[in-house]
Amino acid sequence: MADDEPSEEAGAKPELHDALQRLVMTSGASLALAIGNTGVSSSYTPLGHDEGCVLRVAASLTIAPRARRSFATSREPSFGRAAASPRFLGDPTCGSVQRRGVRGTRALACARFRALTARQEAEGPIDVPTDLEAVRQEPYPLPARCARLPGCASCAWLTPFAPRSFEWCTCDMSDEATAEEVYALLTNNYVEDDDAMFRFDYSKPFLAWALQPPGFTQDWHLGVRAKPTGKLVAFITGVPARVRVRTSSLPMAEINFLCVHKKLRSKRLAPVLIKEVTRRVNLHGVWQAAYTAGVVLPKPIAVCRYWHRSLNPKKLIEVGFSRLASNMTMMRTIKFYKLDIKEMSPGVRVMSTQDVPAVTALLRGYLGRYAYAPDLDEADVVHWLLPREGVVYSYVVQASNGAITDFFSFYSLPSTVINNPQHKVLRAAYCYYYVPGSLSVSTLLKDALTCAQAAGFDVFNALDVMENHSERMRELRFGIGDGHLQFYVYNWRVNQALQPSEVGLVLL
Ligand code: MYA
């Protein structure tokens with residue numbers, strides 16, 4: 001091996017590794033397919049923002065050369081009521097000062113402030129569950145299109161005076177024609193990077209899997225159709241899940257696939273979709289929701305980052321996801337990222353149905369250590385983790401005595417490569433759940449990378465959640481992305497934002 005050749009041993013040539021990582025990431029190679037979801041207590045007000053909100057929209061799919069894309073609208077934080085109230089209470093110039101004297105007023109202000117703070121600090125529901133009968137029974141009205149330009153889908157005028165030209169629909173994902181419509185809407189209009197180089201391309205089998213877990217409700221797969229064509233123009237989904245926030249295990253909806261057709265953007269359809277899905281979820285007696293987004297909304301419970309590990313560096317360079325480092329040849333780069341299937345840990349095999357009880361027990365034990373994690377049972381494990389070709393890949397490690405000691409998994413989420421003459425699709429594997437036992441997390445991740453490379457994926461993406469800390473990721477030749485993914489819990493107050501290492505939830 002020549003002196004400057006990449007070492008197969010991670011860390012043996014740190015300067016070379018760093019150069020490669022710089023190549024891959026600072027040049028904009030970070031496919032931070034971060035669909036966004038957000039942070040620290042979370043009550044999202046779908047119609048009309050809270051004054052104190054910070055809105056910073058970050059790219060979902062962050063990638064390459066012209067980095068630092070800011071899909072970003074940035075609104076500086078202003079003081080919301082919570083911040084303003086204590087200031088008012090403590091204001092010695094307020095009327096009560098004259099009546100009570102400064103000291104008395106301060107004492108009263110302090111007492112009120114303490115009470116207020118105590119209320120604010122209690123973790124739990126922001127709005128305590130309402131009586132089901134108090135939930136609005138009829139759907140929210142949809143805005144109408146411009147009356148002056150009949151048939152115009154793209155003008156900015158939406159008026160309540162025009163005849164209604166959109167209608168709600170419920171999408172039956174087991175119906176082939178509907179599944180095709182949803183796929184078409186998402187594949188053409190869903191999350192892109194700021195440079196419009198890549199767009200998520202969730203496959204139909206993936207959508208069928210993601211949207212029909214045990215106990216799913218078709219009513220939560222909500223679409224908007226244009227009248228009179230019937231074309232699907234907007235979509236949002238919820239699926240039921242039991243999720244634990246610290247010690248509270250709650251029935252929640254996991255909200256995903258919020259999408260408005262490109263020609264109907266900025267007409268405030270999204271807030272109506274969110275309100276309507278909230279109503280439908282509430283009608284089932286569910287008052288909390290988990291979601292992630294690249295945008296910053298009020299308020300993230302955790303802010304996480306993506307890391308990217310090249311598996312097919314040549315293609316990543318060709319599509320503009322990565323660049324060749326100045327001191328590297330293509331051959332050396334390929335060698336640097338090559339993983340040898342013969343080096344897989346002994347005992348690793350594809351998960352099968354008979355492993356479900358053992359994998360469930362392992363996951364329940366391991367995820368129990370995180371502050372924000374799913375509360376999985378065997379039916380969930382059957383659905384979410386039994387392997388499905390092209391969708392989810394799961395492996396166990398079996399000891400010589402037959403015991404299942406470890407588990408790892410990843411899912412497949414390709415992206416359309418926009419306007420590239422050579423490549424149409426980027427095949428990305430995303431780190432899903434794992435449980436270390438006899439092997440370390442690093443070894444499990446290396447095995448996962450090897451399986452993903454052998455299965456033909458181009459890149460392996462992982463959030464810095466669970467034990468995916470930066471040191472480990474660098475060791476495994478990941479490069480950090482420039483996208484952030486915010487995690488949110490709807491209608492649940494959390495005192496302090498969680499560290500990524502406290503998050504054990506992976507949303508698709
Ligand atoms: S994250 C994936 C989001 N989808 C995409 O990024 C796909 C590409 N983009 C689009 O399709 C549109 O740009 C979308 C906005 C649909 C995103 N989450 O209609 P508008 C707010 C929440 O004029 P459009 C995912 O799926 C924005 O702050 N809100 O804008 C999880 C503004 O509000 P305000 C968002 O560009 C979704 C308002 O929308 C998001 O035409 C979780 C503008 O509306 C976002 N990602 O459409 C949803 N992006 O004016 C919350 C923008 O107030 C769930 N906005 O600032 C809450 C829990 C609900 C269930 C509760 C049950 C208990």
Side-chain angles (χ1 to χ4, degrees), residues 33-39 42-62 71-75 125-127 129-130 135 142-143 153-154 156 158 166 185-194 196 199-200 202 210-211 217 219-220 222 224 233-241 243 250-301 483 485-492 507-508:
L33 280 175
I35 313 182
N37 306 342
T38 68
S42 353
S43 174
Y44 177 55
T45 320
L47 288 179
H49 251 302
D50 188 300
E51 283 176 355
C53 85
V54 182
L55 176 68
R56 200 171 298 127
V57 182
S60 290
L61 218 187
T62 351
F71 179 124
T73 312
S74 177
R75 227 196 269 165
I126 293 164
D127 291 325
T130 339
V135 179
L142 280 161
S154 59
L158 288 173
F166 296 109
L185 175 71
L186 295 178
T187 202
N188 293 313
N189 299 278
Y190 202 47
V191 178
E192 290 178 13
D193 68 302
D194 280 348
R199 183 169 54 241
F200 278 145
Y202 286 90
L211 296 178
T217 307
D219 203 36
W220 296 2
L222 178 57
V224 174
V233 294
F235 191 58
I236 190 168
T237 64
V239 294
V243 181
L250 305 158
M252 289 198 194
E254 287 177 356
I255 305 294
N256 206 348
F257 303 114
L258 168 61
C259 183
V260 169
H261 192 287
K262 286 183 175 190
K263 288 193 169 169
L264 289 170
R265 295 276 167 89
S266 305
K267 299 180 193 313
R268 304 207 60 81
L269 264 178
V272 189
L273 282 160
I274 294 169
K275 280 196 76 150
E276 179 58 15
V277 81
T278 303
R279 188 186 73 80
R280 294 185 181 203
V281 170
N282 285 166
L283 281 173
H284 287 254
V286 175
W287 312 98
Q288 271 74 38
Y291 54 105
T292 57
V295 296
V296 179
L297 305 162
K299 297 182 181 176
I301 186 175
L485 186 67
Q486 355 283 324
F487 280 74
Y488 301 87
V489 190
Y490 177 87
N491 191 26
W492 194 262
L507 297 177
L508 304 172

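Atoms within a ligand are numbered from 1 in the order they appear, just like the ligands themselves. For the single chain, residues carry numbers from 1 onward in sequence order.
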So for Val295 against ligand 1, with non-hydrogen atoms under 4.0 Å, the contacting part is side chain

At under 4.0 Å between heavy atoms, what of Leu297 touches ligand 1? The answer is side chain

Is [X] reaching over with its side chain to a backbone N or O of [Y], donor-acceptor style, under 3.5 angstrom?
X: His284; Y: Val286; result: no
X: Asn256; Y: Leu508; result: yes
X: Arg265; Y: Val260; result: yes
X: Arg199; Y: Tyr190; result: no

Looking only at heavy atoms, which two atoms of Ala289 and Met252 are closest? And how far apart? C-SD, 3.9 Å

Answer with yes or no whether Ala253 contacts ligand 1, where contact means a heavy atom under 4.0 Å from a ligand atom. no

When you measure from the heavy atoms of Val260 to every atom of ligand 1, does any distance fall below 4.0 Å? yes

With respect to [atom], which of [options] exhibits the smallest heavy-atom separation?
atom: atom 9 (N) of ligand 1; options: Lys263, Lys262, Arg199, Arg265; answer: Arg265
atom: atom 20 (P) of ligand 1; options: Gln288, Arg279, Arg268, Glu276; answer: Arg268
atom: atom 37 (C) of ligand 1; options: Val489, Leu258, Leu264; answer: Leu258

Supply the atom-to-atom distance Ile274 CD1 to Leu222 CG, rounded to the nearest 0.5 angstrom. 11.0 Å

Considering only heavy atoms of Asn282, which atoms of ligand 1 have at least one such atom less than 4.0 Å away? 63 (C)

